[in-house]
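First up is the structure itself, then whatever we jot down about it.
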2 protein chains.
Amino acid sequence: MSDRNREPVTLQTVRISVVDQLYAALRMAIIGNELSPGARISEAEVAQQYGISRQPVREAFITLANEGLLDIRPQRGSFVAKISLAAVLDARFVREAVEADIVKLLAATPDAALLANLRQQLTRQQELVGGSARDFMEADEVFHRTLAEGAGKGNAWRVVEEMKAQMDRVRFLSSMHFPVARLIDQHRAIVDAIAEGDATGAETRIRTHLQGILSDLPVIKQERPEYFL
Amino acid sequence: MSDRNREPVTLQTVRISVVDQLYAALRMAIIGNELSPGARISEAEVAQQYGISRQPVREAFITLANEGLLDIRPQRGSFVAKISLAAVLDARFVREAVEADIVKLLAATPDAALLANLRQQLTRQQELVGGSARDFMEADEVFHRTLAEGAGKGNAWRVVEEMKAQMDRVRFLSSMHFPVARLIDQHRAIVDAIAEGDATGAETRIRTHLQGILSDLPVIKQERPEYFL
DNA sequence: TACACCATACTACCATACAAGTAAACACGG
DNA sequence: CCGTGTTTACTTGTATGGTAGTATGGTGTA
């Protein structure tokens, strides 16, 4: 054979377990506020809806509960977790700390390929202005993940992703709170600072970027107190 | 009644589910290297050992897998996760970022009661010199959690805890790697900086503190390559 | 010996059944 | 009308059974 010495590719099993599929679906539904905070959601009910047994539903619930998106009360019922102000603030805090160090790393040794990628994403984001909040949220997620992976901290992204979910969820409670144009400007400013090797500037800008939600949070709580703990 | 207007205390259900108990036990066993990286550990086997059914075991496994401590391979078996160098490095990175911002907060407005608490812990830690690694690890955990909670970031502790688990696990692979005396000195230096309101100093010192494992990691990997991915 | 084939045992995944706790509706007695 | 006790439906927790995918050791064949 001509390719005896080639690198073995890592094969992938196409099968995605019922649990994983359901987990992803429910997570999206919760973050996107299709399932509102406080809403009741029982294992049996969901099982019937999807035509599966209770067990995989239960296992998806467990993971969601571990991520703070679901509240399982034994013998009482399961509920979409209400928003804890402290939890969201702390999630934001963690995310700011981590991403600040990430952009500091990136600015220390700017990488041309990465910057090109980021700038391409900026134009793509610009095209989404006026579109759906969900579409922008996805692009935003890719942008921030690209930063993490560009800094060689791909595993750290898992943490940021979880924190981000808490924050995005709050934003979805009131569709007013995706100031897309402003967010893109901030993204651009961050990329510029990285390109210039300005670590301090990049840090300051991403911290500001991630502090944006702080002003929205009290407003949203005022608008929808029933969604909060 | 004389106490009609008193605050209602929040009652606690004593019952702890089998799942939670098993999860805690297995987590400890994995971090403490009683279950070594790569070791096989099947649902049925554990169920039999503890005299319970497979289902709760499975659910405990799922949470452990989500935390990166277990590797579940469908239809193949479950294994104590081998150590991924990148995962540990990224966990350390996240922890450093978060705890750095925490001590900055603490130093900004030093609190006397908190500082008294911390200094008391320092003397307690001193008493543990020469004792078991596990005892010190617990005291260390309390210390760092106290910092997080003192800064009003109790929810952020969950994240740090998960990252800490990855790091402690590596240390347990070789009992040489708990330089207790040095760690306590660093703890003391951090407390001193906070007391003086020296945010920059506190940040620098906790970053140094948490970078300690970086020098140990390659050594441990050299010693026990079979434990690594 | 070397290799393809197959039987078998084992795994996690999913379905189903039962157990135990909770809460709400309701009947009853004051 | 109000408060109490009981019934009943519903919840999650746990146990067990069946299914499909995977690894392994043996067997036959060249």
Side-chain angles (χ1 to χ4, degrees), chain A residues 1 4 8-26 30 35-82, chain B residues 1 4 8-27 30 35 37-82:
Chain A
M1 289 163 66
R4 265 173 47 208
V9 297
T10 50
L11 304 180
Q12 303 197 12
T13 305
V14 280
R15 172 165 184 76
I16 302 175
S17 75
V18 172
V19 176
D20 291 348
Q21 294 180 58
L22 182 63
Y23 161 75
L26 290 177
I30 293 175
L35 293 170
S36 298
R40 182 179 205 115
I41 172 175
S42 85
E43 295 178 359
E45 186 186 326
V46 173
Q48 196 167 14
Q49 284 174 6
Y50 287 85
I52 57 179
S53 76
R54 262 185 58 214
Q55 210 50 51
V57 175
R58 181 174 168 73
E59 293 174 6
F61 275 25
I62 289 175
T63 300
L64 290 167
N66 285 338
E67 293 180 2
L69 293 174
L70 208 63
D71 187 13
I72 302 177
R73 299 187 221 171
Q75 274 70 42
R76 227 160 308 189
S78 298
F79 306 84
V80 176
K82 289 204 177 190
Chain B
M1 289 162 68
R4 265 173 47 208
V9 297
T10 50
L11 304 179
Q12 303 196 14
T13 305
V14 280
R15 172 163 186 75
I16 302 175
S17 74
V18 172
V19 176
D20 291 348
Q21 295 182 57
L22 181 64
Y23 161 74
L26 290 177
R27 181 174 184 275
I30 293 175
L35 293 170
R40 181 176 207 116
I41 173 175
S42 84
E43 294 178 358
E45 185 186 327
V46 173
Q48 197 167 14
Q49 283 176 5
Y50 286 84
I52 57 178
S53 75
R54 283 169 8 234
Q55 206 52 48
V57 176
R58 179 173 169 71
E59 294 175 4
F61 275 25
I62 288 175
T63 299
L64 290 168
N66 285 337
E67 292 180 3
L69 293 175
L70 207 63
D71 186 14
I72 302 177
R73 300 188 220 172
Q75 272 68 39
R76 229 160 307 189
S78 298
F79 306 84
V80 177
K82 288 204 176 189

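Just so we're on the same page: letters track the sequence lines, and every chain starts at 1. These values consider heavy atoms only, across backbone and side chains, with no hydrogens, waters or symmetry-generated copies.
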Can you tell me how far [atom2] of [N] sits from [atom1] of [X], to the nearest Å?
X     : N      : atom1 : atom2 : answer
A:Y50 : C:dA15 : OH    : P     : 14 Å
A:Q48 : D:dT11 : CD    : P     : 11 Å
A:Y23 : C:dC13 : OH    : P     : 17 Å
A:R76 : D:dG13 : CZ    : P     : 11 Å
B:R58 : D:dA15 : CZ    : P     : 15 Å
A:R40 : D:dT12 : CZ    : C1'   : 11 Å
A:R73 : D:dT11 : CZ    : P     : 14 Å
B:E59 : C:dC13 : CD    : P     : 12 Å

| message | On the nucleotide C:dA12, are OP1 or OP2 found under 4.0 Å from the side-chain N or O atoms that B:S78 carries? | response | yes
| message | Less than 4.0 angstrom between a side-chain N/O of B:S53 and OP1 or OP2 of D:dT14, yes or no? | response | no
| Can you name the closest pair of heavy atoms from B:K82 and B:P37 and give their distance? | CA-CB, 3.9 Å
| Given DNA chain C, 5'-ward residue of the pair A:P74 and A:G51, judged by closest heavy atom | A:G51
Please tabulate the protein-to-nucleotide N/O contacts below 3.5 Å involving nucleotides 17-20 of chain D, giving atom names and distances.
from	atom 1	to	atom 2	distance (Å)
D:dG17	O6	B:R54	NH2	2.5
D:dG18	O6	B:R54	NH2	3.3

| A:L26 vs A:I41 side-chain heavy atoms within contact, under 4.5 Å | yes
| Close side-chain approach of B:E67 and B:R27, heavy atoms under 4.5 Å | yes
Show every donor-acceptor pair shorter than 3.5 Å between a side-chain atom in residues 68-75 of chain B and any protein atom, with sequence neighbours excluded, or say none if there are none.
from	atom 1	to	atom 2	distance (Å)
B:D71	OD2	B:R73	NE	3.4

Would you give me the side-chain donor-acceptor pairs under 3.5 Å for residues 48-61 of chain B, sequence neighbours excluded?
from	atom 1	to	atom 2	distance (Å)
B:Q55	NE2	A:E59	OE2	3.2
B:R58	NE	A:E59	OE1	3.4
B:R58	NE	A:E59	OE2	2.8
B:R58	NH1	B:E43	OE2	3.1
B:R58	NH2	A:E59	OE1	3.2
B:E59	OE1	A:R58	NH2	3.3
B:E59	OE2	A:Q55	NE2	3.2
B:E59	OE2	A:R58	NE	2.7

| Within the distance-only criterion (no hydrogens, no angle test), does the side chain of A:S36 pair as donor or acceptor with the backbone N or O of A:A39 below 3.5 angstrom? | no
| remark: Result for side-chain contact (heavy atoms from CB on, under 4.5 Å) between B:L22 and one of B:V46, B:T63, B:L64 points to B:V46
